[in-house]
Amino acid sequence: MKAVIVGAGIMGLCAGYYLQQTGWEIIILEKGDLEDNCSYGNAGMIVPSHFVPLASPGIIARGFRWMLNSKSPFYIKPSFNPDLLKWGLRFIRSANQKHADAAGPFLCALNLYSRQLYEELSEQPGFNFALERKGIVMYYKTKKKEAEEIHLRETAVRLGLDVSILSRQEAQMQEPAVELDVLGAVHYRSDAHLYPKKLMQQLRQSLQNGGALFMPHCEVTGMQTGKGRIEKILTSRGDFEGDLVVITGGAWLPFLGRMADVHIPLMPGKGYSVTQFLPEKELQIPAILSEAKVAITPMNGYMRYGGTMEIAPVNDRINLNRVKGILDSIPLYFPNLKVPLPAVEDIWYGFRPCSPDGLPYLGRSKKWKNLIFSGGHAMSGLSLGPASGKIVADLANEKTTSLPIAIFDPERFS
Ligand SMILES: Cc1cc2nc3c(=O)[nH]c(=O)nc-3n(C[C@H](O)[C@H](O)[C@H](O)COP(=O)(O)OP(=O)(O)OC[C@H]3O[C@@H](n4cnc5c(N)ncnc54)[C@H](O)[C@@H]3O)c2cc1C
């Protein structure tokens, strides 16, 4: 049985990995060169702690305030683009407590399942992607953020996460190399981190060792349907057929959905990262600066600083103000940790695939019986890769999935 997978990001590679483990022949079609996409330069965090979807209470008011600040961590580029307007309306409709309460347990369970699969994967031959189990520390500077983080921690504990509140002194003891200027912190011990580039390279190598065919520079341009299935995938390098088609595609998922006549609303959420190769000062535990929405990850001997969410169509523009915004926020929390602005060519950016309700699109198509979608994982795609890939394989093999996935129905907006 042959599976054709569109997209070689974490979703495509994980789907391929678990399908291959159960005997599927794999072909992966990728429009890029297989060396970079959103799955490479991210902050590498595995995040059961991220159970609040992007569309959450308070984000609209905060979003409007942030739009007035050129260095802010969240920005929606105003435009009359109809896709953006429809996405925005759905986003506003989802940004409430009821939705966050309903989505939280599913997002948390999917992340915990993925973390368990990462543990198993790290023990397989050929895999050594610097998985570390130290958790993630969310630092806050203000009373307002403290109250929010403490409230979130109560929900986290109810969801079964190992999480504790740290005073400034306790947080300082965990990070002897840096000076802290914070009010306190919350330590999510159920989180973990890894080095994404190694993971991606090792997944690809493992797939190739198992006989998978990778087709770089192969852009999918259309799909031929008939008899209730995807019959052919049309690409810049010829046509492909499969018993199963898995569409991933990251920020380009709506275009691929349209080719199969399936409506998938999604906007790219551009983010930047800067990686220091020989950092003068290194954190012990990955950090999130709560007010600034910046992630800092010590990974594989490097330090990576990432942040910003610019909701706008895919574009190659580097907004230096936002990169400065990320780097300027670091010494506000760690006064002796100053990160200079690197040369433009050393600034990485990627497009988070953001659904308007903050939930992934994961499941079988009802329209085409040989089609499965896996995408729209927004800020947590690295974290959710293995769980999503395993679920794709379970669906393909007509096995009951380990978790309920109805809430992630890829055709919920169709
Ligand atoms: C700054 C930043 C920090 C982040 N930090 C974290 C983190 O710490 N933890 C976490 O879990 N997540 C994090 N994320 C999010 C995470 O990186 C993404 O959710 C994830 O990489 C998305 O994976 P994907 O496979 O869906 O998409 P991608 O990695 O973008 O892959 C999609 C692939 O599909 C290909 N494609 C698209 N259209 C076509 C076509 N027509 N034909 C052929 N190929 C096509 C693309 O070229 C691309 O290679 C971060 C993101 C950013 C930007």
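Atoms considered below: every heavy atom in the structure, side chains included; atoms not considered: hydrogens, waters and symmetry mates. In each ligand, atom 1 is the first atom listed, and ligand 1 is the first ligand listed.
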Ignoring hydrogens and geometry, is there a side-chain-to-backbone donor-acceptor pair from [X] to [Y] under 3.5 Å?
| X | Y | value |
| --- | --- | --- |
| Asn319 | Arg317 | no |
| Thr297 | Met299 | no |
| Thr235 | Cys218 | no |
| Ser39 | Ile10 | yes |

Which of the ligand 1 atoms, numbered from 1, are nearer than 4.0 Å to a heavy atom of [X]:
| X | answer |
| --- | --- |
| Leu382 | 9 (N), 10 (C), 11 (O), 12 (N), 16 (C) |
| Cys218 | 42 (N), 43 (C) |
| Ser380 | 10 (C), 11 (O), 12 (N) |
| Gly249 | 32 (C), 34 (O), 37 (C) |
| Ser383 | 10 (C), 11 (O) |
| Ile10 | 23 (O), 25 (O) |
| Gly7 | 33 (C), 34 (O), 35 (C) |

I'd like to know whether ligand 1 has [X] as a neighbour, heavy-atom separation below 4.0 Å.
| X | answer |
| --- | --- |
| Gly376 | no |
| Ala251 | no |
| Leu256 | yes |

pair Phe51-Leu152: side-chain heavy atoms closer than 4.5 Å: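 Yes. Closest side-chain heavy atoms under 4.5 Å.
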Would you check if Leu180 and Phe334 make a side-chain contact, meaning some heavy-atom pair closer than 4.5 Å?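 Side-chain contact under 4.5 Å: yes.
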Would you check if there is a donor-acceptor pair between the side chains of [Y] and [X] at a distance under 3.5 Å?
| X | Y | result |
| --- | --- | --- |
| Asp316 | Tyr349 | yes |
| Glu35 | Tyr40 | no |
| His50 | Ser383 | no |

Of all the non-hydrogen atoms in the protein, which one sits nearest to [atom], and at what distance?
| atom | result |
| --- | --- |
| atom 33 (C) of ligand 1 | Glu30 OE1, 3.6 Å |
| atom 13 (C) of ligand 1 | Met379 O, 3.1 Å |
| atom 4 (C) of ligand 1 | Asn42 CB, 3.2 Å |
| atom 31 (O) of ligand 1 | Gly9 CA, 3.3 Å |
| atom 41 (N) of ligand 1 | Val220 O, 3.2 Å |
| atom 45 (C) of ligand 1 | Lys31 CG, 3.7 Å |
| atom 27 (O) of ligand 1 | Gly250 CA, 3.3 Å |

Is it the side chain, the backbone, both or neither of Phe351 that has a heavy atom closer than 4.0 Å to ligand 1?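 Looking at Phe351 and ligand 1, no heavy atom falls under 4.0 Å.
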Which is closest to [atom] in terms of heavy atoms, [options]?
| atom | options | value |
| --- | --- | --- |
| atom 21 (O) of ligand 1 | Gly12, Gly32, Pro268, Ser39 | Ser39 |
| atom 15 (C) of ligand 1 | Gly44, Cys38, Pro360, Ala378 | Ala378 |
| atom 8 (O) of ligand 1 | Met11, Met45, Met299, Glu219 | Met45 |
| atom 22 (C) of ligand 1 | Cys354, Pro353, Ser388 | Pro353 |

Could you note down all residue pairs passing salt bridge (charged side-chain N to carboxylate O under 4.0 Å, His left out) where residues 107-121 supplies at least one of them, sequence neighbours left out?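 Output for this query lists Arg115-Glu119, Glu119-Arg133.
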Just say parallel, tilted or perpendicular for the rings of Tyr302 and Tyr195, cut-offs at 30° and 60°.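 Plane angle over 60°, so perpendicular.
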Side-chain atoms of residues 402-414: list all donor-acceptor pairs with protein atoms under 3.5 Å, sequence neighbours left out, distances to 0.1 Å.
from, atom 1, to, atom 2, distance (Å)
Ser402, OG, Tyr113, OH, 3.0
Asp409, OD1, Lys366, NZ, 3.3
Asp409, OD1, Glu411, N, 2.9
Asp409, OD2, Lys366, NZ, 2.7
Glu411, OE1, Lys366, N, 2.9
Glu411, OE2, Ser365, OG, 2.6
Glu411, OE2, Lys366, N, 3.3
Arg412, NE, Asp357, OD2, 2.8
Arg412, NH1, Pro360, O, 3.1
Arg412, NH1, Phe408, O, 3.3
Arg412, NH1, Asp409, O, 2.9
Arg412, NH2, Asp357, OD1, 3.0
Arg412, NH2, Asp357, OD2, 3.4
Arg412, NH2, Leu359, O, 2.8
Arg412, NH2, Pro360, O, 3.3
Ser414, OG, His263, N, 3.3
Ser414, OG, His263, O, 3.3

Does Arg322 make a cation-pi contact with Tyr75 (under 6.0 Å, within 45 degrees of the axis)?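 Positive - Arg322 is close enough to the ring of Tyr75 and near enough to its axis.
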